[in-house]
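Data block below; observations after.
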Amino acid sequence: MNAKENLVPNVLAETPKPGPEQKEIWGSDAIAAMLRALDIPYLALNPGASYRGLHDSIVNYLGNTHPQMLLCLHEESAVAIAQGYAKATGKMMGAVVHSNVGLMHATMAIFNAWCDRVPMLVLGATGPWDASKRRPWIDWIHTAADQGALVRGYTKWDNQPGSVTAAYDALLRAVQLANTAPCGPTYVNLDAALQEAKIGPLPALPDPARFRAPEPVMPAERLVQQAAKLLSEAKHPVILAGRVSRSEEGWKQRVALAEKLQARVFTDIKIGCSFPTDHPLHAAPPATFLSPDAARLLREADVILSLDWVDLAGALKAAWGAEPVSAKVIQVSADAHIHRGWSMDYQGLPPADVYLLCEPKAAVPALLAAVKARVAPAPAPAGTLPPASDVVSLRTLADDLNVATKDMDVCLTRLPLGWNGAYRHFRHPLDYLGTEGGGGVGAGPGITVGAALALKDSGRMPIAIMGDGDFLMGVTAFWTATHYKIPCLILVANNRSFFNDELHQERVAKERSRPVENRWIGQRIDEPDIDLAMMARAQGAQGIGPVKERGELLGAIRKGIEAVRQGAVCVIDVRVAPGYDTNVTSSGASQKR
Ligand SMILES: Cc1ncc(C[n+]2csc(CCOP(=O)(O)OP(=O)(O)O)c2C)c(N)n1
Ligand SMILES: [Mg+2]
């Protein structure tokens with residue numbers, strides 16, 4: 001390929017030796033050329049014979065750059081890395097998974113990416129579809145009729161192209177659809193025979209600029225006016241700031257809209273931060289479920305503006321229960337375009353008195369211009385926390401992290417289940433990226449590595465705080481970070497348990513008058529106690545801990561930050577006491593996930 005192209009630099013010198021000049025090319029060379037034309041920067045992958053053709057083309061035809069391969073030890077990590085990258089940038093990268101078995105490993109992570117509405121290109125492969133070309137045994141077990149059915153319930157589109165030019169089209173469409181709001185993963189399954197066919201000269205590549213995702217759809221002026229009138233005349237307007245982009249401009253526009261309306265703003269810990277949590281109009285610490293206090297505040301609203309709130313019906317139910325919702329509801333969301341039969345991640349059906357079927361980024365500037373300024377201020381009560389103690393807990397971990405990162409730009413790539421939204425403020429759209437979307441434990445490591453890849457050399461330090469269960473399920477993702485020199489800091493809130501589910505067992509035991517003290521059985525990760533720092537060191541990362549004393553915690557975090565500044569991946573095993581802050585529990589964090 002043309003060496004003068006403006007290529008994404010290879011993040012590690014995994015640069016292949018050049019081979020002899022070749023006149024003939026192969027099907028997978030053309031597919032690789034199309035991936036470069038589509039500007040896919042990286043392909044996170046675990047290898048497999050079903051795509052050995054494409055693998056060769058990325059290495060020997062493209063020179064392993066733009067896209068560059070990122071080797072992963074598990075397909076679930078490959079997809080989670082692509083998710084983390086998209087969470088931090090809003091842009092897609094690719095993941096490649098081996099025919100059926102690799103895709104089977106990838107499914108949970110694809111589901112998470114779907115629920116999180118991130119753009120992603122997943123490439124797969126199948127043993128030759130033409131049975132006469134199959135090698136005995138292995139190609140047969142790696143060929144499935146309708147492989148895309150494995151992921152069709154949680155991908156936006158899938159296809160198995162039958163020729164190189166059809167593959168061009170499939171990739172163009174897959175990228176366009178994945179990037180069209182609501183964003184999501186798409187799956188293209190590349191027949192091994194198609195990849196390995198000699199095709200002669202490269203078929204002309206289409207110009208991807210002509211197949212881009214559309215610009216955001218603008219809301220109808222009449223609806224903007226209706227919504228603006230409701231908001232301007234409201235006594236207690238509320239904004240539910242939900243799924244929005246990481247753009248600074250969008251952040252400022254939301255702040256301006258809230259201030260012009262003097263509207264209370266709620267945010268959601270399930271998704272990336274959407275509004276400054278220390279703003280006087282911010283209503284309540286972000287949480288997974290509305291706390292009873294937050295629900296009471298929401299109930300005071302007479303007009304609610306939902307900016308693609310993940311579970312609007314659930315929030316209204318928390319506030320109004322079975323009673324009719326007395327507030328007028330303005331729904332701003334394009335999400336209905338992705339609502340289908342298999343997955344119910346679309347949540348309950350909310351009422352909408354005015355429905356703007358568009359993204360918040362299209363509606364907010366229009367509303368900002370159309371609303372009249374309200375004067376009545378609506379100061380919000382600050383979130384309250386129980387007093388800190390000398391025990392190492394999530395709370396003290398948060399306190400010491402806040403001290404250690406004062407004046408630093410940090411991106412929290414992961415937070416554990418028991419996190420209380422009042423522990424730390426978010427003041428910039430990249431301060432916090434939200435959760436995995438689909439409730440799939442084990443996503444934290446991969447998402448962190450993907451986000452850290454996106455933030456490399458940005459001056460903003462990626463820091464994850466994750467449960468030990470989450471860490472252990474996805475731990476080998478950190479090898480990809482050490483191998484490709486992607487610095488990040490991981491604080492494991494290690495309560496040596498799948499603790500969330502201990503709370504469930506406690507609840508069931510109480511309900512059935514059975515011994516609550518048995519709640520740990522089948523939940524506790526103990527005897528042997530796992531040395532998490534050693535699991536980090538085993539993969540070339542730095543490992544600190546176990547940190548058991550409060551007095552050691554701040555120093556350990558500072559040491560970790562310094563290591564990451566020097567380019568390391570660093571894991572700190574923090575032995576937190578089991579237990580969540582009461583207002584997290586009462587806000588429902590212990591409900592079924
Ligand atoms: C793949 C998957 N398996 C099981 C669960 C059920 N589950 C929800 S939370 C949780 C515990 C997670 O443990 P950890 O990350 O250590 O956090 P902790 O509960 O201890 O705060 C489990 C097992 C899940 N959500 N996803
Ligand atoms: Mg745990």
Side-chain angles (χ1 to χ4, degrees), residues 74-77 79-80 83 104-116 154 269-270 287-289 343-345 391-398 412-421 423 434-448 464-478 490-508 519-533 535 545-548 571-593:
H74 195 295
E75 287 82 357
E76 204 171 275
S77 316
V79 174
Q83 184 185 357
M104 287 170 183
H105 255 184
T107 49
M108 185 196 84
I110 297 173
F111 178 68
N112 277 339
W114 161 268
C115 293
D116 204 23
Y154 41 98
I269 204 108
K270 296 193 287 301
T288 304
F289 305 93
S343 170
M344 312 232 171
D345 65 287
V391 176
V392 181
S393 64
L394 268 183
R395 166 69 193 281
T396 46
L397 173 57
L412 290 183
T413 58
R414 185 70 165 167
L415 286 175
L417 283 172
W419 190 264
N420 184 313
Y423 285 160
T435 58
E436 73 300 308
V441 171
I447 287 175
T448 295
I465 310 165
M466 65 183 70
D468 49 326
D470 191 35
F471 176 86
L472 286 164
M473 276 199 205
V475 64
T476 55
F478 293 122
I490 300 93
L491 305 167
V492 186
N494 183 4
N495 53 18
R496 281 139 291 136
S497 173
F498 291 104
F499 182 74
N500 177 69
D501 290 87
E502 285 196 45
L503 296 179
H504 283 296
Q505 295 320 124
E506 177 173 328
R507 188 170 291 191
V508 174
R519 71 176 196 183
W520 63 274
I521 297 175
Q523 310 278 0
R524 208 61 71 80
I525 311 170
D526 220 345
E527 293 180 21
D529 191 4
I530 304 178
D531 188 339
L532 305 186
M535 292 183 93
V547 177
K548 295 180 175 167
V571 173
I572 310 181
D573 176 1
V574 184
R575 298 299 173 97
V576 298
Y580 297 159
D581 268 345
T582 45
N583 52 353
V584 175
T585 309
S586 65
S587 70
S590 65
Q591 291 179 21
K592 185 168 178 294
R593 276 175 66 94

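Counting convention: from 1, in listed order, for ligands and their atoms alike.
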Quiz prompt | Residue part near ligand 1, for Asp470, under 4.0 Å between non-hydrogen atoms | solution = both
Quiz prompt | Heavy-atom proximity to atom 1 (C) of ligand 1, best of Glu76, Met466, Met108 | solution = Met108
Quiz prompt | Under 4.0 Å to a heavy atom of Phe499 - the qualifying atoms of ligand 1, by number | solution = 18 (P), 19 (O), 20 (O)
Exercise. Can you sort out which atoms of ligand 1 are near Gly469, meaning under 4.0 Å from one of its heavy atoms?
Key: 13 (O), 14 (P), 15 (O), 16 (O)
Quiz item: Any N or O of Gly418 that comes nearer than 3.5 Å to an N or O of ligand 1?
Solution: no
Quiz item: Can you find a heavy atom in the side chain of Trp520 that is under 4.5 Å from one in the side chain of Arg496?
Solution: no
Exercise. Have a look around the Mg ion (ligand 2) and list protein N/O/S atoms under 2.8 Å, or say none.
Key: Asp468 OD1, Asn495 OD1, Ser497 O
Exercise. Just jot down the salt bridge (Lys or Arg N to Asp or Glu O under 4.0 Å) partners of Asp531, sequence neighbours excluded, or say none.
Key: none
Exercise. Measure from atom 7 (N) of ligand 1 to every heavy atom in Asp501, Ile525, Asn494 and give the option owning the shortest one.
Key: Asp501
Exercise. Say whether Leu417, considering both its backbone and side-chain N or O atoms, lies within less than 3.5 Å of an N or O atom on ligand 1.
Key: no
Exercise. Say whether Pro416 and ligand 1 are in contact under the criterion: heavy-atom distance to a ligand atom below 4.0 Å.
Key: no
Practice problem: Name the orientation class of the two ring planes belonging to His74 and His105 (parallel below 30°, tilted from 30 to 60°, perpendicular beyond 60°). | Solution: parallel
Exercise. Heavy-atom distances under 4.0 Å are what count here, so tell me which part of Tyr580 touches ligand 1: side chain, backbone, both or neither.
Key: side chain
Quiz prompt | Proximity to ligand 1 by part of Val441, non-hydrogen separation under 4.0 Å | solution = both
Quiz item: Considering distance alone, does some N or O of Phe498 sit under 3.5 Å from an N or O of ligand 1?
Solution: no
